[in-house]
Amino acid sequence: MSGPLVLAIESSCDETGIALVEGGRRIRANVVASQVAMHAATGGIVPEVAARAHLRWVLPVLDEAWNDGGIEWSDLDGIAVTYGPGLAGSLLVGINVAKTLAWVHDKPLVGVNHLEGHVYAAWLLDADEEERPEPVFPLVALVVSGGHTFLVEMTDHLTYRLLGQTLDDAAGEAFDKVGRLLGLGYPGGPAIMHAAARATRRDATFPRAWLGDSWDFSFSGLKTAARRIVEEARRDASLTDVSEPLPDAVVAELASGFQDSVVDVLVTKTIRAAEATGACSIVIGGGVAANAVLRDRLAAEAEARGLPLIVPRPGLCTDNGAMIGAAGARRLAAGERSGMDLDARPSLPLARRR
Ligand code: KG4
Ligand code: ZN
């Protein structure tokens, strides 16, 4: 495959990701330095700590990606960088490196919306992966991350109509909060998935916020219910000391019940939205899309309706540079350029309702 070769930088949250992507699709290099272990110690992300870690890792990650790609600066057609949404201090590290490289090597620069990156992960192909069809428009995309949960319709590249979004917590945020309630540490998403896989009883039922026929989401009621259910379980197990953990079997059962509730709502609304808008395919991205139960349920429901579903491999669902390269290549191809005044936009939206 040929096409413009883009260097892409992602530093919006707690992953420093740098990639080389060809033709908006083929990954030539993709290096991610995760701060997850560091933030686990504080039970969540401390923004200043995250920004300093990006500063520490951005050049080593760039070196490694550059070596993996085995290219010359003259081969490069442009530089893409996440400029929002995300943590300002973290974003600024990536933006500053991208600007410096663009200026020194006289390359076009383009700012990319992080959420658009999560959608465009569906176009990526690993270095050794066989060609497969691209997502077909019109499509419905579900983005489920630590900070965002929404459904958009895309009628063409870079064209979004917001169908629904969370009215309160993001799905990943709910996973993280309930993971903490269950004593599973940070980040809660993968920990809940692994605990749920060990469940032998699946009797715990958690509420589902359907919000009528709307495609919006709400997870705050679920979080409150989870707190109550965990407290009840602690009383049932006669645990009075807060330092005493719930029995592993109970944690597994509750993790499974919670996960089923989130997955049920996400899958049902995505399928409904796809059917109602006459979508030709469904794509899904964001950290929560790494969840095996969500992936399996959505795959089964989509297949039952003959709807092609594109789910990036788990490592491309969580934050990475390659997804920014996929989206950035489209923006560069459309003639878009960012100036040296490109600044961080911590609350940058992706789409509006039309
Ligand atoms: O997209 P992402 O890497 O960063 C943001 O842009 O927020 O998403 C991180 C979120 C976290 O809330 C994390 O708990 C969740 O994705 N997550 C998962 C899984 N892996 C990561 N949630 C459920 N199941 C997983 N396997
Ligand atoms: Zn993300």
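All values below come from the heavy atoms of this structure, side chains included, with hydrogens, waters and symmetry mates left out. Nothing here was measured: the structure is a model prediction, and the numbers come from that model. In each ligand, atom 1 is the first atom listed, and ligand 1 is the first ligand listed.
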Exercise. Which residues pass the salt bridge (Lys or Arg N to Asp or Glu O under 4.0 Å) test with Arg297, sequence neighbours left out?
Worked result: Asp264
Exercise. Which residue and non-hydrogen atom of the protein lie closest to atom 6 (O) of ligand 1, and at what distance in Å?
Worked result: His114 NE2, 3.1 Å
For this session: Establish, from distance only, whether the side-chain atoms of His114 and Thr82 form a donor-acceptor pair under 3.5 Å.
Result: no
Exercise. Below 4.0 angstrom, N of the basic side chain to O of the carboxylate: do Glu153 and Arg353 qualify?
Worked result: no
Exercise. Are Asp126 and Arg313 close enough for a salt bridge, meaning some N to O gap below 4.0 Å?
Worked result: yes
Problem set entry | Protein contact of atom 26 (N) of ligand 1 - nearest heavy atom, named by residue and atom, plus distance | Met193 SD, 3.4 Å
Exercise. Does Asp248 pair with Arg198 as a salt bridge, N-O distance under 4.0 Å?
Worked result: yes
Exercise. Is ligand 1 under 4.0 Å from a heavy atom in the side chain of Asp176, in the backbone, in both, or in neither?
Worked result: side chain
Exercise. Which atoms of ligand 1 are found less than 4.0 Å from any heavy atom of Gly172?
Worked result: 12 (O)
Exercise. To which protein heavy atom is atom 3 (O) of ligand 1 closest, and what is the distance rounded to 0.1 Å?
Worked result: Asp319 N, 3.2 Å
For this session: Say whether Gly189, considering both its backbone and side-chain N or O atoms, lies within less than 3.5 Å of an N or O atom on ligand 1.
Result: yes
Problem set entry | Donor-acceptor pair, side chain of Thr270 and main chain of Leu266, under 3.5 angstrom | yes
Exercise. For atom 24 (N) of ligand 1, which protein heavy atom lies nearest, and how many Å away is it?
Worked result: Asn291 ND2, 3.0 Å
Exercise. For Gly286, is at least one N or O under 3.5 Å away from an N or O on ligand 1?
Worked result: no
Exercise. Does any N/O atom on Cys13 come nearer than 3.5 Å to any N/O atom on ligand 1?
Worked result: no
For this session: Check the side chains of His54 and Thr16 for a donor-acceptor pair under 3.5 angstrom, ignoring hydrogens and angles.
Result: yes
Exercise. Going by an N to O cut-off under 4.0 Å, is there a salt bridge joining Arg26 and Glu131?
Worked result: yes
Exercise. With a cut-off of 4.0 Å, which atoms of ligand 1 are near a heavy atom of Pro187?
Worked result: 14 (O)
For this session: Heavy-atom contacts with Gly147 under 4.0 Å: which atoms of ligand 1 show up? List them by number with element.
Result: 7 (O)
Exercise. Which residue and non-hydrogen atom of the protein lie closest to atom 9 (C) of ligand 1, and at what distance in Å?
Worked result: Gly146 N, 3.7 Å
For this session: Considering non-hydrogen atoms only, spot the tightest contact between Gly69 and Ala29 and give its length.
Result: N-CB, 3.8 Å
Seminar exercise, completed: What one should report as the nearest heavy-atom pair of Ile284 and Leu298 is CD1-CD2, 3.8 Å
Exercise. Is His118 close to ligand 1, meaning an N/O of one under 3.5 Å from an N/O of the other?
Worked result: yes
Exercise. List-wise, which protein N, O or S atoms are found short of 2.8 Å from the Zn ion (ligand 2)?
Worked result: His114 NE2, His118 NE2, Asp319 OD1
Exercise. If you count the non-hydrogen atoms of other residues, nucleotides and ligands that lie under 6.0 Å from CD in Glu48, is the total more than 12?
Worked result: no
Problem set entry | Side chains of Asp169 and Ser220, donor plus acceptor under 3.5 Å | no
For this session: Run the numbers on Gln259 and Asn291 for side chain to side chain donor-acceptor pair (under 3.5 Å), then give the verdict.
Result: CA-CA 9 Å; Gln259 179 174 259; Asn291 185 279; 2.9 Å; yes
Problem set entry | Distance from atom 19 (C) of ligand 1 to nearest protein heavy atom, with residue and atom | Gly287 O, 3.5 Å
